[in-house]
Protein chains: 2
Amino acid sequence: MRLTTKGRYAVTAMLDLALHSDNGPVSLADISLRQGISLSYLEQLFAKLRKQTLVSSVRGPGGGYRLSRANDQIFVAQIVDAVNESVDATGCKGKNDCQSGTTCLTHHLWCDLSDQIHDFLSQISLAQLVSRKDVRLVAQRQENEQLVHAGEIDQSSKINAELLN
Amino acid sequence: MRLTTKGRYAVTAMLDLALHSDNGPVSLADISLRQGISLSYLEQLFAKLRKQTLVSSVRGPGGGYRLSRANDQIFVAQIVDAVNESVDATGCKGKNDCQSGTTCLTHHLWCDLSDQIHDFLSQISLAQLVSRKDVRLVAQRQENEQLVHAGEIDQSSKINAELLN
DNA sequence: TATTTAACCAAGTACTTTACTAGGTTATTT
DNA sequence: AAATAACCTAGTAAAGTACTTGGTTAAATA
C-alpha cells in the first residue's frame, strides 16, 4: 500500500484548508507556516488535488485555495488517492499479475485489506475531522502560535505606526 | 504505514511454509522457486522471522525452516511486524511528535487507521489462509508447475535409471 | 572422512520514492 | 507599476527496497 508522509501531508493540508476557509481563499504560504510543510512541496501536492477537482484556486494577491465542494463531501480516501496513484495493498493494482504474470499466493488477502482501508478512509469526511475534539485542540494551538509570530511583527509595526503620528 | 512488497513477500513465504510443512522442514530454495522470490532476499527476511521466533531452522541436507508454532497461532500482523519495524500509519510511531515535536493535525486519524489495519491483520492466521479456496487454487497451480519442472529432471533420471538396469 | 547441502552472515548496489530546493512564468489585485 | 500568489520544471539528498556477490558454519550422506 501507498500511505506515506505524502498522503498524510495532503490530508493535513486539506484539513487546514477546511479549518480556515471562513475568510476567503487560503494561501499555501499560510498552510506551510501552520503545518510545517515546505511551500514548494505543497504546490506539487495541490497541483494533484486540483486535477482531481478537490480544490479550486484563486490567483493574485489575497488569492489561494478553496475546497471545491462542501466539507462533508470530501473524504480522506479521495485526498490520499489524489496524491498517490492509489490506496492499494496489492503489488499488482488488482491486476492479478503479482507473480510474473500470474496471481500470487496472497493476492486476495491484500485485496481484502485494500478494501478494508479504503472503506475506512472513505467514511471519514473533512467535516467529521473538523468537528473532532483532538483536531480542534491542535488547530487552536497552531493559531495561537501563529498569533505569537504575527504578534511580534504586528507589535513592532504598531509601534512604528504610533511613532509616525 | 509500512506495508510494501517486503511484508507481502514475508507473508507469502510464510504461507508457502505453512502449505508445505507436512514432510519435514522446507528449504528457502524451494520457496524461492515456487514463489519467485530471490533466495538471498528470503534469507534476509527469514533472519528477521527467526528473531521474532515465528520460524525455527534446521541446518544441513534435508534442512530448512519450520513454523515454530501451530498454523492457527501465527497471524499476518505478526509477520508484517517482524520484517518491517511496525505496522504504523502515523509518521511518529505514536509518539505525538509528528510536527517538530508537537502533535500534527491528523495524528489521531492515523492512529485510528493503524489500529484498524492492525486489528484486521491480527485476526487472520496462517491456518485461515491455508483453508481459503483462492489460496488452495494458487498453491495447486504452483505445485503443478513445480512438478513439470521437476518432471523434466525426474523423467530423464528415471530413463537413466532404466538404462542402467 | 570427504562431500554436499542449506542455513547463516556481511557488504555492496541499482533502483525507486520521498521531500525538498531552486529558479523561473503567469494571472490578478492594489 | 508593483506586489502577490498560483503555476510550472528540473534537479537532488536521503532513505528504503529488492537484489547480488561471496563468503562461513553446521549437519546429513556417501
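The basis for the numbers below is simple: all heavy atoms, side chains too, and nothing from hydrogens, waters or symmetry mates. Small disclaimer: the values here were computed from a predicted structure and weren't measured. In what follows, chains carry the letters A, B, and so on, assigned in the order in which the sequence lines appear, proteins first and then strands, with residues in each chain numbered from 1.
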_In whole Å, I'd like the distance from the NZ atom of A:K6 to the P atom of C:dC20._
12 Å
*Grab the CG-P distance between B:L28 and C:dA7 for me, whole Å please.*
4 Å
_Distance below 4.0 Å between A:Y41 side-chain N/O and C:dT17 OP1 or OP2_ = no
_Short side-chain donor-acceptor distance under 3.5 Å, A:D134 and B:H107_ = no
*For the base of C:dT5, is there a side-chain donor-acceptor partner from B:S27 under 3.5 Å away?*
no
_How long is the straight-line distance from CG of B:D30 back to NE2 of B:H20, given to the nearest 0.5 Å?_
8.5 Å
*Distance check: side-chain N/O of B:S38 vs OP1/OP2 of D:dT20, anything under 4.0 Å?*
yes
_Length of the line joining B:K51:NZ and C:dC9:C1', which is rounded to integer Å_ = 11 Å
*A:D112: what forms a salt bridge (Lys or Arg N to Asp or Glu O under 4.0 Å) with it, not counting sequence neighbours?*
B:R132
_Once ring pair (Phe, Tyr, Trp, His ring centres under 6.0 Å) is applied, what residue pairs with a partner in residues 50-69 of chain A remain, sequence neighbours excluded?_
A:F46-A:Y65
*Which of residues 52-61 of chain A have a heavy atom under 4.0 Å from DNA chain D?*
A:S57, A:V58, A:R59, A:G60, A:P61
*Atom pair distance, as rounded to whole Å: CZ in B:R50 and C1' in D:dT25*: 12 Å
*What is the distance from CG of B:L17 to P of C:dA7, rounded to the nearest Å?*
11 Å
*asked:* Distance check needed: D:dA6 P versus A:L42 CG, whole Å only.
replied: 10 Å
*Under 4.0 Å between any heavy atoms, over every strand shown, what does B:Y65 touch: base, sugar-phosphate, or nothing? Just pick one.*
sugar-phosphate
*Toward the 5' end of DNA chain D, which comes first, A:S40 or A:G63, by nearest nucleotide?*
A:G63
*asked:* Can you see if the side chain of A:Y9 gets near the phosphate of C:dC20 - specifically, an N or O under 4.0 Å from OP1 or OP2?
replied: yes
_Distance check needed: D:dC8 P versus A:L39 CG, whole Å only._
15 Å
_A:T106-A:W110 side chain donor-acceptor pair, cut-off 3.5 Å_ = yes
*Considering only heavy atoms and no angle criterion, is a donor-acceptor pair shorter than 3.5 Å present between the side chain of A:Q44 and the base of C:dT21?*
yes
*asked:* Nearest 0.5 angstrom please: A:E143 CD to A:R136 CZ, how far?
replied: 9.0 Å
*asked:* Measure NZ/A:K48 against P/D:dA6 and give the value in whole Å, please.
replied: 18 Å
*Could you check A:D16, A:L17, A:D22, A:L15 and say which one makes a side-chain contact (heavy atoms from CB on, under 4.5 Å) with A:L19?*
A:L15
